[in-house]
Amino acid sequence: MRFSKLSKRVLSLALATAVVASSVVAAPTAKKAEAATKYKAYLCLQTAKFTFRDEHNDSKFSSKLQNTTNKLSSSASKAKFKDTTMTKSTKAKTYTVSLTGLKSGVISKDGSFNTLFVDTAIPGSMKSKVTVTNVKVKFDGKTVKTFKKAVLTPDTGKTADFTQIQIINTWNSNVPKFSYTMPKKSIQVTYTIKFK
C-alpha cells in the first residue's frame, strides 16, 4: 500500500513537470510562427467519396491524393499539387495553388466536395492580421466562383492552429454554397493577401 502511494506521488510529479515543460515550449513556438517572414499555402480537399488531401499539420498530409475508404484508380498518381510560399507584406500580393494532371474518374465521379480550401502555415491567432480578397476558383480552366472577401477560419470565437481560406465546407454554415460540376482535369485557386 505504501509503495502504491509513493508511485502515485512520483507519477503526479512527472505529469506536472511534463505539463510545465510543454507550456514553456509552446509559447516560444507560437511567437516564432508569428514572427516568420514567409508562410506556405496548400490546396486541400475532401470529396463526397473521401478522396482527400489533409491539411499540412495532419499526420496523413501528403503531396498526393489519397483515399483510405475507397480505392483510387492508378491514374490518381499522375495528379500533382502545386503549393506556394507567401511573403509577409503589408502590400497586397497574389498567389496561386493548384491541382493538375487529374484523369477521368479520379475525382470527377465523386459527386461533390465535402471540403475545398487553401490551408496555410499562418497561425490561427494571426487571422485578424491578414486580409484575403479576390479568391478565384477555377475548375478545368473555367472560373466557377469568385469571393470578393475570403471566408477565413478559425471561425469567430473559436481557435485553430492555422488560418485557412474556405471555399467549400459542408459542415460550416459561414461558407456560402454555390453550384459547380466536379473538375475532370484541374483545380486552381488564386487569391490576394495582405498582412496588417
Side-chain angles (χ1 to χ4, degrees), residues 33 38-87 93-124 127 130 132 134-147 150-155 160-193:
K38 293 183 183 295
Y39 298 99
K40 291 282 286 183
Y42 315 82
L43 181 66
C44 297
L45 59 91
Q46 184 193 95
T47 70
K49 290 191 176 178
F50 307 110
T51 299
F52 68 90
R53 186 198 198 191
D54 278 343
E55 52 265 37
H56 74 279
N57 62 322
D58 190 276
S59 61
K60 287 190 175 72
F61 177 74
S62 172
S63 59
K64 297 180 183 274
L65 282 170
Q66 300 180 76
N67 194 316
T68 53
T69 306
N70 302 294
K71 187 176 179 180
L72 282 172
S73 69
S74 58
S75 59
S77 63
K78 298 185 184 301
K80 298 194 180 303
F81 285 96
K82 182 182 178 185
D83 305 322
T84 192
T85 301
M86 302 173 288
T87 301
K93 292 180 179 279
T94 301
Y95 299 95
T96 299
V97 291
S98 63
L99 172 61
T100 58
L102 288 172
K103 301 298 179 183
S104 179
V106 173
I107 64 172
S108 59
K109 294 180 181 177
D110 284 9
S112 62
F113 288 103
N114 290 332
T115 62
L116 178 64
F117 59 98
V118 179
D119 178 41
T120 81
I122 300 168
K127 174 191 162 186
V130 297
V132 181
N134 201 28
V135 181
K136 288 187 179 180
V137 185
K138 291 184 177 182
F139 291 171
D140 301 333
K142 296 180 180 179
T143 301
V144 294
K145 182 66 176 175
T146 300
F147 296 89
V151 177
L152 301 179
T153 56
D155 294 331
D161 290 338
F162 299 99
T163 301
Q164 296 175 346
I165 302 168
Q166 297 290 307
I167 297 162
I168 298 170
N169 191 325
T170 57
W171 300 289
N172 189 331
S173 60
N174 294 324
V175 183
K177 290 181 170 45
F178 62 94
S179 60
Y180 58 88
T181 300
M182 289 294 279
K184 295 179 180 178
K185 298 177 181 178
S186 65
I187 303 169
Q188 179 181 297
V189 179
T190 300
Y191 60 94
T192 299
I193 186 168

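If you read the sequence from its start, that first residue is 1, and numbering goes on from there.
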Asker: Considering non-hydrogen atoms only, spot the tightest contact between Thr153 and Lys127 and give its length.
Answerer: C-CD, 4.2 Å
Asker: Any donor-acceptor pair under 3.5 Å linking the side chain of Asp119 with the backbone of Cys44?
Answerer: no
Asker: Side chains of Ser75 and Ser73: donor-acceptor distance under 3.5 Å anywhere?
Answerer: yes
Asker: I need the minimum non-hydrogen distance between Val118 and Ala41, along with the two atoms involved.
Answerer: CG1-CB, 4.0 Å
Asker: I'd like to know if the side chain of Asp110 pairs up with that of Thr51 as donor and acceptor (distance under 3.5 Å, no hydrogens or angles considered).
Answerer: yes
Asker: Any sub-3.5 Å donor-acceptor pair from Ser62's side-chain atoms to Lys64's backbone N or O?
Answerer: yes
Asker: Only one of Phe61, Phe81, Phe162 passes ring-ring contact (aromatic ring centres under 6.0 Å, His included) with Tyr42; say which it is.
Answerer: Phe61
Asker: At their closest point, which heavy atom of Pro123 faces which heavy atom of Thr163, and how far apart are they?
Answerer: O-OG1, 3.1 Å
Asker: Could Arg53 and Asp83 be called an ion pair, given the rule that one side-chain N must be under 4.0 Å from one carboxylate O?
Answerer: yes
Asker: Could you measure the distance from the CZ atom of Phe178 to the CD1 atom of Ile168? Nearest 0.5 Å is fine.
Answerer: 4.0 Å
Asker: Can you confirm whether the side chains of Thr192 and Thr94 place a donor and an acceptor under 3.5 Å from each other?
Answerer: yes
Asker: Grab the two heavy atoms, one from Ala79 and one from Leu65, that are nearest each other, plus how far apart they are.
Answerer: CB-CD1, 3.9 Å
Asker: Taking atom CG of Leu102 and atom NZ of Lys80, what is their separation to the nearest 0.5 Å?
Answerer: 11.5 Å
Asker: Within this structure, what is the OG1-OH distance for the pair Thr120 and Tyr191, rounded to the nearest 0.5 Å?
Answerer: 7.5 Å
Asker: Hey, what's the ring geometry for Phe113 with Phe139, parallel, tilted or perpendicular (30° and 60° as the breaks)?
Answerer: tilted
Asker: Assess whether atom NZ of Lys184 is packed by more than 12 heavy atoms of other residues, nucleotides or ligands within 6.0 Å.
Answerer: no
Asker: Does Ser112 use its side chain to pair, donor to acceptor, with the backbone of Ala48 at less than 3.5 Å?
Answerer: no
Asker: So, for Lys49 and Lys109, which heavy atoms are closest and what is the spacing to 0.1 Å?
Answerer: NZ-O, 3.7 Å
Asker: To the nearest 0.5 Å, tell me how far Asn114 CG sits from Thr170 OG1.
Answerer: 4.5 Å
Asker: What is the minimum heavy-atom distance between Ser186 and Gly141, and which atoms define it?
Answerer: OG-N, 3.9 Å
Asker: Assess, by modelled atom type and distance only, whether the side chains of Thr96 and Thr190 contain a donor and an acceptor separated by less than 3.5 Å.
Answerer: yes
Asker: With distance as the sole test, does Asp54 use its side chain to make a donor-acceptor pair with the main-chain N or O of Lys60 at under 3.5 Å?
Answerer: no
Asker: So how far is it from Ile187 CD1 to Lys138 NZ, rounded to the nearest 0.5 Å?
Answerer: 14.0 Å
Asker: Under the 3.5 angstrom rule, does the side chain of Asp140 hit a backbone N or O of Lys185 as a donor-acceptor pair?
Answerer: yes
Asker: Please test Phe50 against Phe52 for ring-ring contact (aromatic ring centres under 6.0 Å, His included), starting from the C-alpha separation and ending with a verdict.
Answerer: CA-CA 6 Å; Phe50 307 110; Phe52 68 90; 9.0 Å; no
Asker: With a cut-off of under 6.0 Å to the ring centre and 45° to the axis, is Lys145 in cation-pi contact with Phe147?
Answerer: yes
Asker: Would you give the length of the straight line joining atom OG1 of Thr84 to atom NZ of Lys40, rounded to the nearest 0.5 angstrom?
Answerer: 7.0 Å
